[in-house]
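Notes for the one structure printed next.
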Amino acid sequence: MSSPFRFEVLHTCKQSGARTGILHTPHGSVLTPMFMPVGTLASVKFVSPEELKEMGSQVILSNTYHLWLRPGEKIVEKAGGLHKFMNYDGPILTDSGGFQVFSLAKTRKIKEEGVSFKSHLNGDSLFLSPEKAIEIQNALGADIIMSLDECPAFPSTHAYMKDSVDRTTRWAKRGKDHHKNENQMLFGIVQGGEYEDLRERSAKALVDLDFPGYSIGGTSVGESKETMYKMIDYAIKHLPLEKPRYLMGVGTTDAILEGVLRGVDMFDCVLPTRIARHGTVMSSHGRINITNKKFEEDFTALDHECDCYTCKNYTRAYLRHLVKCNEGLGMRLLSIHNLRFLLKLTEEIRTAINEDRFLDYKNELFEKYDLNSVDSKGF
RNA sequence: GGGGGGGUAGCGAAGUGGCUAAACGCGGUUGACUGUAACUCAAUUCUCUCCGAGUUCGGCGGUUCGAAUCCGCCCCCCCCCA
């Protein structure tokens, strides 16, 4: 009996070397490159699973640390697993909680055995080990799960990063040894910061452990775009072509295009949904803040080139009004738009790759959005 | 008619002689947000400007070196009793 998972590279763009692929999971097959909406607490804020499917979303992310604390993985298990719990029958990916090691850094202590945390909810002392992270994810039941890693701050010294990378590798091995459920695909996470030798060291060590897929972590933590692109280059050239690559936490238009060019298959990011709740719209002409006064009497669609539910039915003036009044519907409609914007982007990327014109497509977008003038911020 | 309370920046509301162009909240404007402690956070919000200057705390007039703060008169609002 072979694994329910299989990744195939479908086409490699003759013009750019970027690739399309298909990843088969027990909950369906998904096309890459793809963008995965983030639903940390088993919910993409303000958007239902049905709506996500309808807009072309293929995989939903959720989070081990957060579900561990609330409602607790046992509850999710009793519910029949994450899919049943959240009423979503498509593929789910859970992050290991490694990012929380970074984002909740004030209250953590990293040791060889694992990470001591203080709960951000009530201050409880918690301990997360690589094995525990796997156990929780086994109970949650996502299709794709992550090794517990350390996501070091940027910048970190070479010496610190080397220790960290080696520990993350040891954690990856421990997690892999502990993982018994073959209906879940466990990824290793490449770290190493901006150091080429450490990215290589990390990637090679993880490849030796033979994971079915590889993540690139430690990006979008304050480094420049150029540095991030180098981090991808340093890592990806040591990863096997036949395995999926997942660039964690990256979700601006320009970075997705650059990542795809470098061979990345999967992206996720809270950015589209978070900035939507705060009034920022990703559009075919760049980011706009819908709360700006200039939209007060703008009765046109958010983005004329968008085919999303929001753009088909609502005006900028109305959306501005909703967001300014703190209406949930406003956050919802902008979230739907921003997600569809990135999902549509990845659809177009796949088409362009399959037609061997990804480079042209990418250049057209960069020109259209004038990304060069705003690349410090990204799109 | 009698008694009481009050009028502070767009709104609400502190402040009761100098450290006050005036706390704080709301509203307004702008910005940030990248494996979500995030319906969050930051800046700005009398006028003109580059430091800086000029007008303010119902109105007018006083006291004082100095007043939103003390005194006098006037205007307006609210509550209670007749």
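Residue numbers start from 1 in every chain, and the chains themselves are labelled A, B, ... in the order their sequence lines are given, proteins ahead of strands.
In this entry B:C57 has no Watson-Crick or G-U wobble partner, no candidate having both defining distances under 3.5 Å. Pair assignment for B:G18 gives B:C65, based on Watson-Crick or G-U wobble hydrogen-bonding distances that are each under 3.5 Å. Pair check for B:G1 finds B:C81; Watson-Crick or G-U wobble, both atom distances under 3.5 Å. The partner of B:C41 is B:G31, by the rule that a Watson-Crick or G-U pair needs both atom distances under 3.5 Å.
Between B:A37, B:U36, B:U30, one nucleotide has an atom nearer to the side chain of A:K293 than all others, and that is B:U30. Across B:U30, B:C33, B:G35, the shortest atom-to-atom separation from the side chain of A:N292 is found for B:U30.
Every residue meeting the side-chain contact (heavy atoms from CB on, under 4.5 Å) condition with A:E77, not counting sequence neighbours, appears here in chain and number order: A:K74, A:A139. By the side-chain contact (heavy atoms from CB on, under 4.5 Å) test, A:K53 is found to be paired with A:Y88, A:D89, residues two or more places apart in sequence or in another chain being considered.
Residue contacts shown for A:T280 include a base, since a base heavy atom lies under 4.0 Å away. Residue A:R108 is out of contact with every strand shown, counting any heavy-atom pair closer than 4.0 Å. A:Q100 comes within 4.0 angstrom of sugar-phosphate atoms only, judged by non-hydrogen atoms across all strands, and of no base. Residue-level contact check: A:G259 touches neither bases nor backbone, having no heavy atom under 4.0 Å from any strand. In this structure, A:I189 reaches the bases: a heavy-atom distance under 4.0 Å links it to at least one base atom across the strands shown.
Rounded to whole Å, atom P of B:G35 lies 17 Å from atom CE of A:M34.
A:I22 belongs to a hydrophobic cluster with A:L10, A:L31, counting contacts under 4.5 Å between side-chain heavy atoms of Ile, Leu, Val, Met, Phe, Trp and Tyr, direct or through other members. Its side chain within the 4.5 Å cluster rule, A:F154 clusters with A:F99, A:F102, A:V221, A:M231 among the Ile, Leu, Val, Met, Phe, Trp and Tyr residues.
A donor-acceptor contact under 3.5 Å is not formed by the side chain of A:T219 with the base of B:U34.
A donor-acceptor pair under 3.5 Å is formed between the side chain of A:E51 and the backbone N or O of A:S48.
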Enumerate donor-acceptor pairs with a distance under 3.5 Å from any side-chain N or O in residues 318-330 of chain A to protein atoms, sequence neighbours excluded.
{"residue": "A:R320", "atom": "NE", "partner": "A:T291", "partner atom": "O", "Å": "3.1"}
{"residue": "A:R320", "atom": "NE", "partner": "A:N292", "partner atom": "O", "Å": "2.9"}
{"residue": "A:R320", "atom": "NH2", "partner": "A:T291", "partner atom": "O", "Å": "3.3"}

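Look at the P atom in both B:A53 and B:G4: the space between them is 46 Å, to the nearest Å.
Applying a 4.0 Å cut-off to non-hydrogen atoms, the residues of residues 143-155 of chain A that approach RNA chain B are A:D149, A:C151, listed by residue number.
Remark: ring of A:H278 stacked against base of B:U40; centroid gap under 5.5 Å, plane tilt under 30°.
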